[in-house]
Visitor: 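Handing you a structure now.
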Amino acid sequence: MATNEMQVQPLDDMNGDKSAFTITMLYPLLRATFWGLTGYFAAAWITAAVTGNVLVGALPATVGYVAGMIGWLLGSGVWEGWIRRAFGGKEAPSYTGIERYFRFGPDSKSTAVRYVIFNIAAFFFAGLFAMAIRIELLTPDSTSWWMSEVMYNETFGIHGVIMLLGVVASAIVGGAGYYLLPLMVGARNVVYPKLLGLSWWLLPPAGLAVFLSPLIGGFQTGWWGYPPLAQNSGNGIVFYALGAATILIASLFGAINIAGTMVYMRAKGMSLGRVPIFIWGLFAAATILIVESPATYTGALMDLSDMIAGSHFYTGPTGHPLAYMDQFWFLFHPEVYVFILPAFAIWLEILPAAAKRPLFARGWAIAGLVGVSMLGAMLGVHHYFTAVSDARMPIFMTLTETVSVPTGFIYLSAIGTIWGGRLRINAAVLLILMAMMNFLVGGLTGIFNADVPADLQLHNTYWVVAHFHYTMLGGVIFTWIGALYWWFPKVTGRKINEFWGKFHAWWFFVFFNCTFFPMFIAGLDGMNRRIAIYLPYLHNINLFMSISSFFLGAGFLIPLANLVYSWRYGPKADANPWGSKGLEWQGKSPTPYVPYPATIEPEVVGPNDNYAPGAKEPFVWVSTPSK
């Protein structure tokens, strides 16, 4: 098993510092905020003064963003915790107590907790934007007292960018993934812990820039940033391009850690056939990001170059707007598999433990995860069949429909696992079953988007909105909340309130379907997406969807309250409350700073999802050889 700095770091207190929180622990966070804001406004003002531009111009905003990001990162602790050593200085110590959550550091667990908090906050504010959209759509006419059509487009674009890149892209990978990755493979940390820590510190400025884009002019492109509209829709598109590129780069840093940790840091005896299924899901998602994200974030930066430097990659006499679409969708259709593949793997991780049955067809399930990852790179063109030549259509239609085959392997594995078992249905398992149902609806309706004749009729209608939300909100977010419930004892040592967990699951399921299933009908009836004004005959169904969405949005306060209350007052959990055979459950709960002492390490002797009667334990603990 490979080692890194945490694995060889001597610590007298394996659990970390137990000192209580004090306000001084916030100093790095406050310093980062001050340095970031100072860097932004100073650089933007100087650039505006030198170039004769306005402070909210595209070039000052771009230079200010870069300077502000540098100030934020240095203030967060990147300077003393990483860079200073390169200049001959002394590196700051690694903090093990509460303060590690508020400063840059190498602990993957604290990075994961920060991801969860960021995702919840981003989900809350992006959800408010969704509610604003549905208020606008309560009536078919423009509700100018609420927002203009221009404001509607800005709100719609911000909601899409933040929900996709700020929430769904990292909700499972960043929270559950980065926390469980080293624990599940038998390591004490990830392979590049500081790079992983840096990935989180890139997110807040990027998300804030997207949210505040209306202050410098907003953008009218939706979450796609398509040229030439991008160059003619307000200076806020600068913050869109920079924010989206930054978040994608942060995702790439995480993906490098996932792949490197799985390849190089597995415990002794953990062959590829014994790697936990959740890690396979993370790995399949990571390969997509490593291979394909550079094309898309460079596309965003090239789009930005057209705006501020006068290049003509996508605009002007030599530009080619379709090239941007090729770069954009080269990642952003496979990106949905970055979201859902870890969710699939969570289903297959939780269901065997809940049913006390071996994972059915484990090899085929792994083949399904890898197969979706590989096929997903080749089918993004189905998002713009209306803009490509006839010769490309049958190729990408076939590839898109083929992806249902490896997806079927995953579903058959999940169904085969619970078939004949005695499934213990707690709140987490209930949400997983609901996610499976929702994604099935989303997958089946996606076939119509893949089929060229049907897609030409359904393109840009609410059918697409419904399909997308059934896969992402119905599949990923249901699974995310279920994962938070399942691994909550691992992080906090306490269990969530099961009554309110199940109550929320049913509330969520009912109003989710009341909100989004009618969108299929509205789409077939001619309701276009991305519009603020629609024909009066669609009023009643939009009224029903909007009211349902308000109940759905309010329902998210239930798991938030449940998690916060349970963190402080929930019933104390056993070290392994679910009877799982996963390696992450074999240590203390909550997880110590160093998961297990330097004198022992796990050796894997079998897969962690074999719950057959009489099956041997998959791990043994062995003494670490002295060096």
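Just so you know, residue 1 is the first one in the sequence shown, and it goes up from there.
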Visitor: Does Glu584 form a side-chain hydrogen bond (donor to acceptor under 3.5 Å, both in side chains) with Trp487? I'd like the steps, not just the answer.
Guide: CA-CA 10 Å; Glu584 77 275 18; Trp487 280 289; 3.2 Å; yes
Visitor: Determine whether a donor-acceptor pair (N or O, by modelled atom type, separation under 3.5 Å) exists between the side chain of Arg266 and the backbone of Met270.
Guide: yes
Visitor: Would you check if the side chain of Ser76 reaches a backbone N or O of Arg103 as a donor-acceptor pair within less than 3.5 Å?
Guide: no
Visitor: Going by ring-ring contact (aromatic ring centres under 6.0 Å, His included), Tyr115 matches just one of Trp480, Tyr178, Tyr179, Trp201. Which one?
Guide: Tyr178
Visitor: Would you find a donor on one side and an acceptor on the other, under 3.5 Å apart, between the side chain of Lys495 and the backbone of Gly570?
Guide: no
Visitor: Checking side-chain contact (heavy atoms from CB on, under 4.5 Å) between Ile288 and each of Ser373, Ser293, Ser251, which is the one that passes?
Guide: Ser373
Visitor: Determine whether Tyr297 and Leu252 make a side-chain contact, defined as any pair of heavy atoms from C-beta on separated by less than 4.5 Å.
Guide: yes
Visitor: Under the rule for side chain to side chain contact (heavy atoms under 4.5 Å, CB included), what residues qualify as partners of Ala377, not counting sequence neighbours?
Guide: Glu292
Visitor: Can you name the residues that form a salt bridge (Lys or Arg N to Asp or Glu O under 4.0 Å) with Arg31, not counting sequence neighbours?
Guide: Glu80
Visitor: Does NZ or CZ of Lys109 fall inside the cone over Tyr593's six-membered ring, less than 6.0 Å from its centre and within 45° of the axis?
Guide: yes
Visitor: In terms of side-chain heavy atoms, does Thr33 have a donor or acceptor partner in Trp72 at a distance below 3.5 Å?
Guide: no
Visitor: Indicate, with yes or no, if the rings of Phe21 and Phe102 have centres closer together than 6.0 Å.
Guide: yes
Visitor: For Glu617, enumerate each residue passing the side chain to side chain contact (heavy atoms under 4.5 Å, CB included) test, keeping only those at least two apart in sequence or located in another chain.
Guide: Lys581
Visitor: For the residue pair Ser110 / Tyr95, report whether a side-chain donor-acceptor contact shorter than 3.5 Å exists.
Guide: no
Visitor: Are the side chain of Asp609 and the backbone of Glu349 linked by a donor-acceptor contact shorter than 3.5 Å?
Guide: no
Visitor: Donor-acceptor pair, distance only, cut-off 3.5 Å: does the side chain of Ser589 make one with the backbone of Trp585?
Guide: no
Visitor: Between the side chains of Gln327 and Tyr314, does any donor sit under 3.5 Å from an acceptor?
Guide: yes
Visitor: Could you tell me whether the side chain of Val167 reaches within less than 4.5 Å of the side chain of Ile477, counting heavy atoms only?
Guide: yes
Visitor: Below 4.5 Å, heavy atoms only, C-beta onward: do Trp45 and Pro60 meet side chain to side chain?
Guide: no
Visitor: Looking only at the side chains, is there a donor atom on one of Asn257 and Thr261 sitting less than 3.5 Å from an acceptor on the other?
Guide: no
Visitor: Quick check against the 3.5 Å criterion: does Arg100 have a side-chain atom that pairs as donor or acceptor with the backbone of Ser94?
Guide: no
Visitor: Between CZ of Phe123 and CG of Leu128, what distance do you get to the nearest 0.5 Å?
Guide: 10.5 Å
Visitor: Any chance the side chains of Asn53 and Thr47 put a donor and an acceptor closer than 3.5 Å?
Guide: no
Visitor: Nearest 0.5 angstrom please: Leu164 CG to Glu335 CD, how far?
Guide: 8.0 Å
Visitor: How are the rings of Phe211 and Phe125 set relative to one another: parallel (under 30°), tilted (30 to 60°) or perpendicular (over 60°)?
Guide: perpendicular
